[in-house]
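Shown next, in structure tokens, is the structure this report addresses.
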Amino acid sequence: MLAKAKEAWDQEHVNTQEEKQRYLSERIPRANTHSLPLSALQELCRDLLEKVCIVDEERYDIEVKVNHNTREIQDLRMKVLDLRGKFKRPALRRVRVSADAMLRALLGSKHKVSMDLRANLKSVKKEDTEKERPVEVSDWRKNVEAMSGMEGRKKMFDAAKSPPAQ
């Protein structure tokens, strides 16, 4: 594979060289300067100098255009960066959308499925916990000595764990 690639590259190089020679032979005629008198040689040099000056002017004009475009591109890039920094992203607000409205937005008006999730919930009776446990009103001074120390804390813990007697 590498050998084929190298062979193709070599062939391409030879083709470009041949194309270059053909182009130069078409554009630049061979000058027979051995048999020309001095005035003809001077005229030939003036013609060549004029052509070189024209080519240099064109090259200079193109170079100026390229530099101008490069500067303009840099200015536009700076403007883009400035504009990016000036705008702040607005804080997004929370929107409450029901499941039905979301399905309608996604599927269009053709959707038949109702997503009433609250209808599927079981109803649970609220139990009054205060009615179950009667509040004992007693003298707190009697229990102070019994509840003091670690044993008193253990009794409170055990009492909270065990279900109330009925």
Side-chain angles (χ1 to χ4, degrees), residues 1-133 150 153-154 156-157 160-161:
M1 188 112 146
L2 289 175
K4 285 184 181 180
K6 186 177 184 319
E7 185 178 315
W9 184 78
D10 288 340
Q11 184 64 36
E12 186 177 323
H13 184 66
V14 168
N15 289 343
T16 55
Q17 290 296 329
E18 289 174 359
E19 180 71 24
K20 184 178 178 181
Q21 289 298 326
R22 187 182 59 77
Y23 180 78
L24 289 176
S25 66
E26 287 176 4
R27 297 283 288 182
I28 303 172
R30 292 274 177 200
N32 189 3
T33 57
H34 296 293
S35 62
L36 291 177
L38 183 64
S39 62
L41 285 175
Q42 288 177 343
E43 187 64 32
L44 181 65
C45 288
R46 282 190 202 106
D47 289 342
L48 289 176
L49 181 64
E50 285 178 18
K51 289 180 181 178
V52 168
C53 288
I54 291 172
V55 169
D56 274 348
E57 286 176 6
E58 289 175 359
R59 183 183 56 84
Y60 178 77
D61 290 343
I62 291 172
E63 188 176 332
V64 167
K65 285 180 184 178
V66 167
N67 288 338
H68 178 354
N69 288 341
T70 304
R71 255 186 265 117
E72 189 175 337
I73 288 171
Q74 288 290 49
D75 291 343
L76 291 174
R77 281 186 184 158
M78 292 300 288
K79 285 182 183 178
V80 166
L81 289 175
D82 287 345
L83 289 176
R84 268 192 207 158
K86 286 182 182 176
F87 292 115
K88 292 182 181 177
R89 290 190 179 132
L92 298 177
R93 285 182 266 148
R94 185 174 295 243
V95 178
R96 297 188 85 181
V97 179
S98 68
D100 285 333
M102 194 175 298
L103 275 176
R104 220 175 290 118
L106 291 174
L107 302 176
S109 62
K110 295 180 180 178
H111 97 283
K112 308 265 192 238
V113 180
S114 177
M115 292 269 312
D116 190 11
L117 299 175
R118 292 182 182 173
N120 297 334
L121 295 176
K122 295 179 182 176
S123 60
V124 178
K125 281 184 13 182
K126 224 178 191 183
E127 298 177 13
D128 291 338
T129 56
E130 293 179 12
K131 290 182 181 176
E132 281 184 19
R133 296 186 206 161
M150 286 302 289
R153 299 230 185 259
K154 185 179 178 202
M156 284 175 47
F157 181 73
K161 253 185 162 181

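Atoms considered below: every heavy atom in the structure, side chains included; atoms not considered: hydrogens, waters and symmetry mates.
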Rounded to the nearest 0.5 Å, what's the gap from OG1 on Thr16 to CD on Gln11? Could you check?
-> 10.0 Å

Would you say His13 and Asp10 make side-chain contact, with heavy atoms under 4.5 Å?
-> no

Just wondering, more than 12 heavy atoms not from Glu12 lying within 6.0 Å of its CD?
-> no

Roughly how far, to the nearest 0.5 Å, is the CD1 atom of Ile73 from the NE2 atom of His68?
-> 11.0 Å

Donor-acceptor side-chain pairing of Asn15 and Glu19 below 3.5 angstrom | no

Is the closest basic N to carboxylate O distance between Glu63 and Arg59 below 4.0 Å?
-> yes

When rounded to the nearest 0.5 angstrom, what distance separates CD in Glu43 from CG in Leu48?
-> 10.5 Å

Euclidean distance, Leu44 CG relative to Leu49 CG, rounded to 0.5 Å = 11.5 Å

Indicate yes or no: at least one non-hydrogen side-chain atom of Lys51 is less than 4.5 angstrom from one of Val55.
-> no

About how many Å separate CG of Leu76 and CG of Leu81, when rounded to the nearest 0.5 Å?
-> 11.0 Å

Using a strict cut-off of less than 4.0 Å between a Lys/Arg side-chain nitrogen and an Asp/Glu carboxylate oxygen, indicate whether Arg22 and Glu26 qualify as a salt bridge.
-> yes

